[in-house]
Asks: 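Can you read through this structure? Questions will come right after.
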Number of protein chains: 2
Amino acid sequence: MASHADEPNVDAIVETLVYLYTESRRLTKAKAREFGLTGPQLTVIKMLDQLGKLSLSSLSSRIQARNSTVTGIIDRMEREGWVQRERSTKDRRIVLIKLTDQGKKLAGEIEVEPMEIFRDGLASLPTDDLSELFRILGVLQAHVRKAVKDSPDV
Amino acid sequence: MASHADEPNVDAIVETLVYLYTESRRLTKAKAREFGLTGPQLTVIKMLDQLGKLSLSSLSSRIQARNSTVTGIIDRMEREGWVQRERSTKDRRIVLIKLTDQGKKLAGEIEVEPMEIFRDGLASLPTDDLSELFRILGVLQAHVRKAVKDSPDV
DNA sequence: TGCCATTGCTTCGTGTGCGAAGTATTCACC
DNA sequence: GGTGAATACTTCGCACACGAAGCAATGGCA
């Protein structure tokens with residue numbers, strides 16, 4: 001029910017956003033490769049290094065992926081010996097993920113951030129632009145969150 | 001060589017951007033499903049409907065994917081009878097992709113845009129914000145393009 | 001004209017990414 | 001305390017997504 005094609009900028013903005021996301025992800029992946037990691041694996045290992053043990057679910061929501069996706073990622077990381085699954089004693093449904101010693105060592109050697117190129121771009125912006133961007137994206141996020149909530153997921 | 005963690009907004013912006021992209025893609029995928037399509041297939045069919053015949057390469061660059069990815073997408077769409085491959089006579093290396101009659105019919109029935117939720121959010125913004133966003137994203141894009149050009153792809 | 005680098009596409013192997021369905025566990029409520 | 005709904009995770013099948021390697025066609029240049 002949206003009326004499109006009334007504001008030509010919209011198409012350009014969407015295109016730019018997709019470009020920024022896709023290309024940043026590609027460059028991150030290429031960097032991660034140098035450490036024998038994939039993109040998502042880099043994100044996970046950094047996150048565990050900073051936050052310690054995390055349940056699979058909280059890991060999923062933090063990296064914006066579904067549990068079924070993260071199960072696979074952790075499977076492969078466990079196979080490589082970087083992480084370890086551990087059943088929570090309080091709630092035996094919960095699987096906690098933690099870095100192994102080898103995983104911690106690897107995490108320490110990595111000097112790359114996920115979406116690093118995009119971050120660098122942001123860092124080069126004047127503070128005012130950063131604030132504006134933060135504000136506007138916030139509005140957009142609220143809009144999308146509402147749409148997600150109202151969508152037929154129930 | 002970037003100094004991170006100096007501007008707390010950066011992390012939040014990255015997170016928001018990833019959220020917007022991921023969730024918009026998911027919702028598009030869900031909408032596309034109602035027409036028996038996947039997300040990328042929806043994008044391709046809309047594009048071909050608007051632009052007519054396109055080479056596989058130009059299709060790839062327009063949807064921000066690699067040729068090897070698009071080959072697979074077109075394989076499946078051809079299997080469903082929506083598109084057709086056609087060898088260019090001018091340059092026999094080039095494969096032109098075009099909609100079949102069935103594909104055109106389907107394209108006409110679809111009232112969804114790729115990233116529609118994000119577009120809707122943009123449409124609800126005041127014009128000034130839209131311009132600001134356009135400008136700032138443009139700066140970021142220039143930054144990333146430079147990084148891509150300088151990366152060891154050569 | 002001939003040769004080689006380049007271009008356009010496909011093939012292959014691996015890793016996401018997801019929904020649907022399944023299992024185990026916990027919770028809510030009676 | 002027992003039972004059904006809810007939660008946490010896994011499994012499965014399918015569709016991207018990509019790099020590397022391969023093949024065919026084209027172009028550049030001697």
Side-chain angles (χ1 to χ4, degrees), chain A residues 18 21-34 36-44 54-61 63-80 82 85-97 114 151-154, chain B residues 18 21-34 36-45 54-61 63-80 82 85-97 114 148 151-154:
Chain A
V18 172
Y21 178 86
T22 307
E23 214 58 67
S24 296
R25 192 171 41 70
R26 276 188 195 136
L27 290 171
T28 301
K29 184 181 175 185
K31 286 271 193 181
R33 241 172 108 77
E34 300 171 14
L37 293 165
T38 65
Q41 287 171 1
L42 173 68
T43 307
V44 167
L54 285 178
S55 73
L56 191 132
S57 293
S58 71
L59 206 47
S60 299
S61 62
I63 69 171
Q64 295 291 333
R66 304 303 190 193
N67 285 350
S68 56
T69 301
V70 177
T71 293
I73 294 171
I74 297 303
D75 282 348
R76 288 178 288 272
M77 293 183 75
E78 201 171 24
R79 189 185 70 198
E80 298 298 325
W82 298 321
R85 276 178 168 89
E86 178 185 307
R87 214 85 205 185
S88 164
T89 50
K90 298 187 196 97
D91 185 340
R92 295 184 25 75
R93 290 170 302 179
I94 296 178
V95 171
L96 296 170
I97 319 291
S151 78
D153 280 326
V154 192
Chain B
V18 172
Y21 178 88
T22 307
E23 215 57 67
S24 298
R25 189 168 45 68
R26 276 186 195 138
L27 290 171
T28 301
K29 183 180 175 183
K31 286 273 193 179
R33 242 172 107 78
E34 300 171 14
L37 293 165
T38 64
Q41 287 171 3
L42 173 67
T43 307
V44 166
I45 212 168
L54 285 178
S55 73
L56 191 133
S57 294
S58 69
L59 206 47
S60 299
S61 61
I63 69 173
Q64 295 292 336
R66 302 303 190 193
N67 286 351
S68 57
T69 301
V70 178
T71 292
I73 294 171
I74 297 302
D75 281 349
R76 289 179 288 273
M77 293 183 74
E78 200 171 24
R79 190 183 69 199
E80 298 297 326
W82 299 321
R85 276 179 168 90
E86 179 186 305
R87 215 83 206 186
S88 165
T89 50
K90 296 187 196 95
D91 185 339
R92 296 184 24 75
R93 288 170 304 181
I94 296 178
V95 171
L96 297 170
I97 319 290
V148 171
S151 78
D153 280 325
V154 191

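A, B, ... follow the sequence lines: proteins, then strands. Residue 1 opens every chain.
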Asks: What's touching nucleotides 3-7 of chain D from the protein side, N or O pairs under 3.5 Å?
Replies:
unit_1 : atom_1 : unit_2 : atom_2 : d
D/dT7  : O2     : A/R93  : NH1    : 2.9

Asks: Please give, in whole Å, the distance from D/dC14 P to B/L37 CG?
Replies: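 Interatomic distance, CG of B/L37 to P of D/dC14: 18 Å.
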Asks: Considering only side-chain heavy atoms of A/I94, which listed nucleotide, D/dC9, D/dC18, C/dC18, is closest?
Replies: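 Closest nucleotide among those given: D/dC9.
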Asks: For B/S60, enumerate each residue passing the side-chain contact (heavy atoms from CB on, under 4.5 Å) test, keeping only those at least two apart in sequence or located in another chain.
Replies: B/L56, B/N67, B/V70
Asks: Can you list the residues that meet the side chain to side chain donor-acceptor pair (under 3.5 Å) rule with B/T69, with sequence neighbours excluded?
Replies: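 None.
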Asks: What residues form a salt bridge (Lys or Arg N to Asp or Glu O under 4.0 Å) with A/R76, not counting sequence neighbours?
Replies: none
Asks: Take atom NZ of B/K90 and atom P of C/dT7, then tell me their distance rounded to the nearest Å.
Replies: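 In whole Å, C/dT7 P lies 20 Å from B/K90 NZ.
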Asks: Output all residues satisfying side-chain contact (heavy atoms from CB on, under 4.5 Å) with B/K31, sequence neighbours left out; order by chain, then residue number.
Replies: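 By the side-chain contact (heavy atoms from CB on, under 4.5 Å) rule, B/K31 matches B/E34, B/V112.
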Asks: What's the CD-P distance between A/E23 and D/dA17, to the nearest Å?
Replies: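 After rounding, the reported distance stands at 14 Å.
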Asks: Could you give the distance from OG1 (B/T89) to CZ (B/R87), rounded to the nearest 0.5 Å?
Replies: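 Rounded to the nearest 0.5 Å, the OG1-CZ separation comes to 12.0 Å.
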Asks: Could you tell me which residues satisfy side-chain contact (heavy atoms from CB on, under 4.5 Å) with A/T38, sequence neighbours excluded, listed by chain and number?
Replies: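 Per chain and number, A/T38 pairs via side-chain contact (heavy atoms from CB on, under 4.5 Å) with A/P40, A/Q41.
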Asks: Do A/V44 and A/W82 have side-chain heavy atoms sitting under 4.5 Å apart?
Replies: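 Contact flag for A/V44/A/W82 side chains = no.
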Asks: If you take all heavy atoms of B/S55 and B/I94, which pair is closest and at what distance?
Replies: CB-CG2, 3.7 Å
Asks: Separation of B/M77 atom CE from D/dC14 atom C1', in whole Å?
Replies: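 Atom-to-atom, B/M77 to D/dC14, this comes out as 16 Å.
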Asks: Could you state the CD1-P distance from B/I74 to C/dG8, rounded to the nearest angstrom?
Replies: 17 Å
Asks: If you compare all heavy atoms of A/S24 against all heavy atoms of A/T28, which two are closest, and at what distance to 0.1 Å?
Replies: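 Scanning both residues completely, I find the closest heavy atoms to be O-OG1, 2.8 Å.
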Asks: Using salt bridge (Lys or Arg N to Asp or Glu O under 4.0 Å) as the criterion, list what pairs up with B/R85, not counting sequence neighbours.
Replies: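 Applying salt bridge (Lys or Arg N to Asp or Glu O under 4.0 Å) to B/R85 gives B/D75, B/E78.
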Asks: Let me know the distance between CG of A/L56 and C1' of D/dT10, rounded to the nearest Å.
Replies: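 A/L56 atom CG is separated from D/dT10 atom C1' by 9 Å.
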Asks: If I compare all heavy atoms of B/G39 with all of B/A32, which pair ends up nearest, and what's the gap?
Replies: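 Residues B/G39 and B/A32, closest heavy atoms: N-CB, 4.2 Å.
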Asks: What is the nucleic acid contact for A/R85, judged by heavy atoms within less than 4.0 Å: base, sugar-phosphate only, or nothing?
Replies: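 Answer is sugar-phosphate: A/R85 comes under 4.0 Å of backbone atoms only.
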Asks: Starting from the 5' end of DNA chain C, give me the residue, B/D91 or B/T69, whose nearest nucleotide shows up first.
Replies: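 So the residue in question is B/D91.
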Asks: Hey, is the side chain of A/R92 poking within less than 4.0 Å of OP1 or OP2 on D/dA8, counting only N and O atoms?
Replies: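 Answer no for this pair, as no side-chain N or O of A/R92 is under 4.0 Å from OP1 or OP2.
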Asks: Can you check nucleotides 12-15 of chain C for protein contacts, nitrogen or oxygen pairs under 3.5 Å, and list what you find?
Replies:
unit_1 : atom_1 : unit_2 : atom_2 : d
C/dG15 : OP1    : A/R79  : NH2    : 3.3

Asks: For the helix from C/dT1-D/dA30 to C/dC30-D/dG1, how many degrees between its two end axes (five pairs per end), to the nearest 10°?
Replies: 30°
Asks: Could you tell me the separation between the NZ atom of A/K29 and the C1' atom of D/dA20, rounded to a whole number of Å?
Replies: 12 Å
Asks: Do B/L59 and B/I74 have side-chain heavy atoms sitting under 4.5 Å apart?
Replies: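 B/L59 reaches B/I74 side chain to side chain.
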Asks: With sequence neighbours left out, what residues match A/R26 under salt bridge (Lys or Arg N to Asp or Glu O under 4.0 Å)?
Replies: A/E23
Asks: For nucleotides 3-5 of chain C, list the nitrogen or oxygen atoms of the protein found under 3.5 Å from its nitrogen or oxygen atoms, one pair per line.
Replies:
none

Asks: With sequence neighbours excluded, tell me which residues meet salt bridge (Lys or Arg N to Asp or Glu O under 4.0 Å) with B/E80.
Replies: none
Asks: Calculate the interatomic distance between B/R33 atom CZ and D/dC14 atom P; express it in whole Å.
Replies: 13 Å
